[in-house]
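Okay, structure first, notes after.
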Amino acid sequence: MRIAEISSQDTRPPENHSQSPHHCPNHLLTQIESLIKQTENRSTDQTLPDTLPNDLRQTLAQLSQLAPFPSDSNSMKLQIWKLSYRLWNVCVDLFNATTIRASSSAPSATELHAKLRHVSADMLSLAVDVVGVPSPVIKCASFYQKTGLIWHNLRKFDFASTCYERATELLSKLDTGKFSDSRERKLLLDLNIARARTAWEVSDRNLAITLLNRTKSLLFGLSDHYKTLAKQYLTFGKSLLSSSDNNSFNEALKLMNEALDLCEKGFGTTRKQEETAELKELRSKALRFISAVHLQKGKYESVIKCVRVLRQGSGFSGSDAGDLHASLPVLAMKAWLGLGKYGEAEKELRGMAINRGIPEGVWVSAVEAYFQAAGTAGAETTKGVFLGLLERCNVSASSAVRITHRLIGDDGGNDMSRVRAKVVAELVTDERVIALFASEAAVKERTAMHAVLWNYASNHFRLKDYETSAEMFEKAMLYIPQNVENRILRAKGFRVLCLCYLGLSQLDRAQEYINQAEKLEPSAASAFLKFKIYLQKGDHNAAICQIQSMATCLDFSPDFLSLSAHEAIACCAFPVAIASLSNLLNFYTSGKPMPMTEVVVLRTLVTILTHERGNELEVLKFLKRVHARASQVGHDCFYGNGEVGKREQNWFIVTSWNFGTKCGKEKQYELCAKFLRLVSEFCGVLGDGETEENSIMVCKSLILTVAAMIASENQKNVVLMDTEVKQAVELLDRAAKMLSSISNGTWLSDDKTTTIGPNLLFMYTFSAYNIYSRLSDSGSQQLLLVKSFASSTACNPKDLLQIGLAASQGERPNPEVAAFALNQCLSAILSSASPDYQDVALIVRRLVTIASIHKGDSDEDSVYNMYKQAYRIMVGLKEGEYPSEEGKWLAMTAWNRAALPVKLGQMDAAKKWMNVGLELARQVSGMDTYRSCMEDFVAAFEKKSLVHSEGGPGSSL
């Protein structure tokens with residue numbers, strides 16, 4: 001309400017010409033009055049300018065610098081008071097207006113009003129020693145106290161404290177003992193309590209309690225003062241109960257005892273029955289909170305004492321005796337439970353059921369507390385109390401929901417939870433309880449009960465307590481109406497029950513529930529659950545058929561196929577998993593959101609297929625799909641960016657390599673070639689920035705692919721087609737370019753897959769020689785290839801021997817290459833520290849054969865030189881070091897070559913070959929008889945030659 005303005009005479013002090021006109025008091029008061037007048041002239045719909053408090057504060061600061069005012073300036077002080085009251089009344093009007101228009105009562109507007117009120121109080125304090133105003137100090141302190149309350153409500157506690165301290169400072173100059181007016185006394189009391197509240201809010205508890213203790217001297221023997229101070233003690237005590245700290249409980253108990261003591265003392269000051277009743281109620285409230293604190297601290301005997309005092313109405317008589325507050329039986333029951341006296345606690349609980357005045361929430365809480373403490377022993381009592389309430393009064397459906405929810409509580413899945421489940425199951429299946437939800441008015445409560453039971457069952461399902469979960473889901477079905485509108489919800493319930501019985505491995509019962517669900521609502525979820533049943537029964541064919549059925553449902557999404565694959569893998573049903581993932585691959589071109597990336601699906605498929613032998617063709621099919629899809633959508637998009645993508649791509653490279661080498665070892669050369677060809681294709685798209693290791697892998701795969709193609713040709717005894725030969729040439733050309741660029745031809749051991757080894761270069765050379773032999777005019781190219789290999793550091797005699805043997809035989813021999821390779825091989829073997837004369841003999845025989853067949857007898861010198869070289873090799877060897885059979889073959893073939901010249905009468909030629917044959921025979925052990933015959937024949941041949949007689953050896957040896 002508005003504060004009446006104070007009229008004052010317009011007595012102006014004479015002007016002081018020594019002061020600046022802008023800083024004289026009259027001029028400053030005129031400025032303040034102008035600002036206040038602008039505020040008064042504004043309508044209540046207009047908002048005040050935010051700069052107004054600052055403008056007033058600055059002018060007031062200038063005016064304060066002129067204080068203290070002269071003793072003859074009372075009229076000016078009265079003018080300051082008048083302006084202060086005008087500003088205060090403006091604030092009151094504006095606050096009332098904004099309170100009516102609740103939509104415009106913004107916090108900023110309220111803070112603005114608080115600032116204006118603070119300015120008004122400061123103006124009043126500037127002229128607090130005015131003469132002619134009754135109780136100016138009291139009024140100024142009142143302004144500060146009221147302003148502090150506004151700051152406190154705005155939670156600006158520093159400003160509130162400033163106001164309270166200023167008011168206290170003003171009142172401290174007065175003799176409070178002489179206060180006779182009740183409002184003045186109330187001001188003192190309220191100011192101290194307000195200061196205590198603000199100190200409490202800033203966590204200065206010691207100051208707050210000190211201020212309350214000081215206030216005890218300001219009660220002036222008034223019951224209202226006792227009640228106000230007791231309430232504040234009780235309020236502080238209650239605020240400490242939210243903490244679980246033991247010290248906080250002790251402090252709360254002290255404060256509540258102070259409140260109780262004030263109530264006891266206040267009874268001696270009451271003059272009206274209403275005052276006594278109010279103090280009684282406050283005393284009872286304090287006792288209840290004291291008992292609650294004792295209960296929290298575990299002092300159960302003290303709780304019982306407090307309850308008895310309250311029930312007996314200690315200190316009262318007549319109709320006031322006894323306190324029947326609803327919390328008393330709950331406190332008593334919990335205290336008896338704490339003392340382990342369950343019989344007394346049960347009496348309290350049953351007494352609550354009889355007392356119609358106790359609210360539902362109270363006895364529901366009591367039932368829960370009793371049930372938690374008594375456990376299994378109290379289960380039947382709890383259910384009996386609630387069902388007794390049904391018979392005694394009309395319990396609402398919402399009450400049944402709350403009771404069920406409280407009984408469920410925070411279920412932890414232990415033995416206690418099974419007791420709870422048993423009580424809840426018996427409670428919600430009782431016909432009287434179900435009848436509460438039968439009416440159309442209880443639709444909301446029925447939905448709530450279903451939700452409570454459903455969530456309870458879900459918790460047990462997450463804990464894998466499928467038996468309890470199934471029971472609770474079945475009870476929840478009782479609260480779903482059997483109408484068309486709720487058929488989807490019922491179908492959902494049947495599906496969940498199916499899951500529960502799947503967890504219990506009761507597959508037939510699970511199938512019954514899912515069949516019911518499909519009748520109500522055919523869905524992909526139901527089809528998936530049926531799939532799980534088939535899977536657990538081990539019927540893989542039915543499970544695969546169910547996958548196809550699942551895809552025809554309207555609500556189908558690819559996530560179901562992903563789940564099916566996971567389930568199948570978990571059950572080690574690999575054919576089913578392959579079918580699920582294969583179907584999932586069909587959706588990656590549909591544009592639908594997918595549960596996993598395509599590369600993960602393909603990797604999983606390949607991994608599954610590797611678990612069993614004989615799946616190489618399927619693996620090859622999916623690896624080809626990987627390469628095709630990566631080329632189609634882009635490698636970064638398909639594999640992924642960064643290191644993740646590289647790891648994915650390398651996985652497929654290594655898998656293709658492993659399958660290729662595995663098929664090669666198992667002599668499945670055609671598959672080996674295809675897998676290794678894929679390796680080069682996978683590696684070939686890694687880019688120029690990749691490491692040398694990838695280039696080596698590509699090179700190896702190219703060479704081994706061609707080698708596998710040739711091995712497959714020989715295995716199947718067929719001839720490579722022209723297109724295949726062309727492909728092989730292209731692969732070898734790529735490999736040749738890579739061989740020339742990798743590490744400048746650094747050859748390392750072949751035990752690492754990331755290095756180029758000598759065996760690989762030989763394989764390249766051997767394969768290239770084979771492929772080039774199928775091309776026209778390839779002889780010179782083959783020779784250059786072999787010469788290049790022979791000049792490399794990777795070449796060894798064994799490789800040259802193999803090339804030479806291959807070039808000297810077969811459908812497409814190359815005698816020039818054969819001769820070069822064998823001669824190089826022979827030279828290398830003979831230059832070694834310990835030559836292998838078995839290989840030497842084989843080379844010599846093959847060189848003799850090549851020279852004989854491809855050059856003919858017309859070029860006798862080359863053949864003769866080979867025999868002579870063989871002789872030189874054999875000279876000086878230990879007996880048996882050179883293979884005897886090969887030595888005999890050389891001796892006999894050289895001797896037999898003399899037969900034709902003898903017949904033709906070419907004596908010199910015949911003698912040359914006979915001498916070579918005889919020389920060789922002398923180096924071979926076991927040819928003594930042949931050698932004697934040869935010597936005799938040579939002697940006779942020379943004798944005949946001397947007498948120019950005809951004749952010759954006659955026949956070959």
How far does [atom1] of [X] sit from [atom2] of [Y], to the nearest 0.5 angstrom?
| X | Y | atom1 | atom2 | answer |
| --- | --- | --- | --- | --- |
| L188 | Q145 | CG | CD | 10.0 Å |
| T51 | L112 | OG1 | CG | 9.0 Å |
| R117 | L149 | CZ | CG | 10.5 Å |
| L219 | K265 | CG | NZ | 9.0 Å |
| I80 | I32 | CD1 | CD1 | 7.0 Å |
| L78 | L83 | CG | CG | 11.0 Å |

Tell me, do [X] and [Y] make a side-chain contact under 4.5 Å, heavy atoms counted?
| X | Y | value |
| --- | --- | --- |
| T269 | L222 | no |
| R185 | H225 | yes |
| V90 | L116 | no |
| H294 | C306 | yes |
| L87 | L56 | yes |
| L328 | E348 | no |
| M76 | W81 | no |
| R308 | I304 | yes |

Legend entry - Set of residues satisfying side-chain contact (heavy atoms from CB on, under 4.5 Å) with respect to C140, sequence neighbours excluded: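 Once residues adjacent in sequence are excluded, the partners of C140 under the side-chain contact (heavy atoms from CB on, under 4.5 Å) criterion are L124, S125, V128, Y144, L170.
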Inset, instruction - Please determine if D122 and R166 form a salt bridge, counting it only when a charged side-chain N lies under 4.0 Å from a carboxylate O. - result: no
With sequence neighbours excluded, tell me which residues meet side chain to side chain donor-acceptor pair (under 3.5 Å) with [X].
| X | answer |
| --- | --- |
| E278 | K227 |
| S84 | S120 |
| R197 | H152 |
| W151 | H118 |

Inset, instruction - Sorted by first residue and then second, give each salt bridge (charged side-chain N to carboxylate O under 4.0 Å, His left out) pair with at least one member in residues 199-210; sequence neighbours left out. - result: R155-E201
Inset, instruction - Name all pairs fulfilling the salt bridge (charged side-chain N to carboxylate O under 4.0 Å, His left out) condition that reach into residues 29-39, sequence neighbours left out, sorted by first residue then second. - result: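 Sorted result for residues 29-39: E33-R86.
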Heavy-atom pair of closest approach, residues [X] and [Y]:
| X | Y | answer |
| --- | --- | --- |
| A196 | L211 | N-CD1, 3.6 Å |
| T147 | C163 | CG2-SG, 3.8 Å |
| K115 | P53 | CB-CB, 3.8 Å |
| M449 | A400 | CE-O, 3.8 Å |
| L187 | I138 | CD2-O, 3.7 Å |
| L241 | F289 | CD1-CD2, 3.9 Å |

Inset, instruction - Give the C-alpha distance, both sets of side-chain angles, the deciding distance and a yes or no for side chain to side chain contact (heavy atoms under 4.5 Å, CB included) between L260 and R283. - result: CA-CA 6 Å; L260 183 63; R283 173 184 175 276; 3.6 Å; yes
Legend entry - T235 side chain vs K231 backbone, donor-acceptor pair below 3.5 Å: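 Side chain of T235 to backbone of K231: a pair is present.
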Inset, instruction - Please test Y456 against H405 for side chain to side chain contact (heavy atoms under 4.5 Å, CB included), starting from the C-alpha separation and ending with a verdict. - result: CA-CA 9 Å; Y456 185 39; H405 188 268; over 6 Å; no
Legend entry - L262: which of L229, L212, N257 passes side-chain contact (heavy atoms from CB on, under 4.5 Å): L229
Inset, instruction - Might you work through the side chain to side chain contact (heavy atoms under 4.5 Å, CB included) test for K146 and W88, ending with a clear yes or no? - result: CA-CA 11 Å; K146 291 175 181 177; W88 186 273; 3.9 Å; yes
Legend entry - Residue list, salt bridge (charged side-chain N to carboxylate O under 4.0 Å, His left out) with E281, at least two apart or on another chain: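 Salt bridge (charged side-chain N to carboxylate O under 4.0 Å, His left out) check on E281 returns nothing, list empty.
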Under the ring pair (Phe, Tyr, Trp, His ring centres under 6.0 Å) test, residues paired with [X] that sit two or more places apart:
| X | value |
| --- | --- |
| Y164 | none |
| H450 | W454 |
| Y300 | none |

Inset, instruction - Step by step, work out the side chain to side chain donor-acceptor pair (under 3.5 Å) result for S223 and E275. - result: CA-CA 7 Å; S223 64; E275 293 176 351; 3.1 Å; yes
Inset, instruction - Test W200 against F157 for side chain to side chain contact (heavy atoms under 4.5 Å, CB included), laying out the working first. - result: CA-CA 10 Å; W200 189 272; F157 301 120; over 6 Å; no
Inset, instruction - Might you confirm whether atom NZ of K297 has over 12 heavy atoms from other residues, nucleotides or ligands at distances under 6.0 Å? - result: yes
Inset, instruction - Return yes when atom NZ of K238 has more than 12 non-hydrogen atoms of other residues, nucleotides or ligands closer than 6.0 Å, and no otherwise. - result: yes
Legend entry - Pairs meeting criterion side-chain hydrogen bond (donor to acceptor under 3.5 Å, both in side chains) with involvement of residues 207-220, two or more places apart: N192-T215, N213-Y233, K216-E258
